[in-house]
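This report concerns only the one structure given below.
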Amino acid sequence: MQNKFEDLKTQAFLAIKVIKDSDELVALENKLLGRKNGELTNLMKSLKDLSADVKKTVGQLANEIKTEIEIGLDNKRRELRQAEWGTLIEKERLDITQPALPKKERGHFHPNTIIQKDLENLFISMGFMVLDGPELESDYYNFTALNIPETHPARDSQDTFYIKGHSNWLMRTHTSPMQVRAMQKYGVPLRTIVPGKCYRNEATDVRHEHTFYQMEGLVVDKGISFAHMKGVLEAVARHLYGQDTKVRLRPKFYPFVEPGVNGEVTCYLCKGSGCRLCKNTGWLEIFGAGLVHPSVLKEGNVDSKEYQGFAFGFGLTRLVMLKYGIDDIRLLESGNMKFLEQF
Ligand code: DAH
């Protein structure tokens, strides 16, 4: 009987030695000392069949062995834990002498997009929906539907890129073609803005570029007047340049509006007294606008006796240049990282 206990002890210590992790430790602990079927537990249970004095000596030995095994297991547990902490500490070690890792580049919006989103939010707050339109546009929507027939001289000032072999298709010269598209698709009443890319066949220089951005606006409803138009444009001007900004509207011919105006705001730099930015006029020209011409409403299937509307077109690119003091328009489409990283 004594031998059985001695053997069990030898086995137990051999097993403890090769334990690699705490799962194995718990398993061995159960195997040896488990209350129900632990090997040592069972062996101790069998003591009850022995005579009283043998029971006493063997029982004492059994208890000693049990304590030794428990201590052996505890030591192993401590050893394992220390090893685990060691790797944890190693993992969290901070090497303050390590050179800085290369900076992760973060992207950001293009200045055009910054201004576009800012104005979109303003117009959304006034109940406008934001529409997108095709950049490759038909002659009809770009010109004819906007009251610019084929022989009209206004076409000359908006020379653009035509598609070879498809003379009815061109790169849109403004966002205005979306006026008729929007009326045809959504009907009236209508309140929409259309930001987007436009194209013109320009000899490029610091102020002219073949690709630029505009933001069109169109409101059609019953009883719309010039006063509504002025109110909305003033809200935009104040949002862009502050509450004391004034708007000046002067007559200008655009075939798709009647009357048409050229819209200026007080120069935000000199507050109207005249400076380099506004070429000493005190005013910055930033949009064209007017009351929608009846023949444009007609193209949009809108009855001009019942409905009136106003439209406006902002030069988004111009707003960007004014805001950031960019003096060469070509930088905006250049993809030049040295330029773009400044925003
Ligand atoms: N489409 C015009 C341009 O590109 C700008 C414009 C003027 C738009 C008057 C309008 C408007 O909607 O009413 O020069």
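These values consider heavy atoms only, across backbone and side chains, with no hydrogens, waters or symmetry-generated copies. Just so it is clear, the structure is predicted and the values come from calculations on it, not from any experiment. We count ligands from 1, going down the list as the structure has it; atoms in each ligand are counted the same way. Positions are given from 1, in the same order as the sequence printed here.
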Taking 4.0 angstrom as the limit and counting only heavy atoms of [X], give me the atoms of ligand 1 inside it, by number and element.
X: Ser176; result: 1 (N), 8 (C)
X: Gly313; result: 8 (C), 10 (C), 12 (O)
X: Gly290; result: 13 (O)
X: Val257; result: 13 (O)

Practice task
Would you kindly check if the NZ (Lys) or CZ (Arg) of Arg172 is within the cone defined by 45 degrees around the ring axis of Tyr141 and under 6.0 Å from the six-membered ring centre?
Solution key: no

Exercise for the section: For ligand 1, find out whether one of its N or O atoms is nearer than 3.5 Å to an N or O atom of Thr173. Expected result: no

Problem - Polar proximity ligand 1 side, Ala311 side, N/O cut 3.5 Å exclusive - result: yes

Practice task
Establish, from distance only, whether the side-chain atoms of His239 and Asp118 form a donor-acceptor pair under 3.5 Å.
Solution key: yes

Problem - Donor on one side chain, acceptor on other, Glu135 and Tyr199, under 3.5 Å - result: yes

When the ring centroid of [X] is compared with that of [Y], is the distance short of 6.0 Å?
X: Phe287; Y: Phe310; result: no
X: Phe109; Y: Phe343; result: no
X: Tyr213; Y: His110; result: no

Practice task
Count the heavy atoms of every other residue, nucleotide or ligand shown that sit under 6.0 Å from CG of Asp303, and state whether that count exceeds 12.
Solution key: yes

Problem - Closest to atom 3 (C) of ligand 1 (judged by heavy-atom distance), picking from Met229, Gln179, Gln214, Met178 - result: Gln214

Fill in the blank from the handout: Closest to atom 14 (O) of ligand 1 (heavy atoms only, candidates Lys252, His174, Arg200) is Arg200

Fill in the blank from the handout: Among non-hydrogen protein atoms, atom 12 (O) of ligand 1 lies closest to Glu216 OE2, 2.6 Å

Could you tell me if any non-hydrogen atom of [X] lies under 4.0 Å from any atom of ligand 1?
X: His293; value: no
X: Phe256; value: yes
X: Gly260; value: no

Fill in the blank from the handout: Minimal heavy-atom distance between Pro177 and His174, with the atoms involved, is CD-O, 3.1 Å

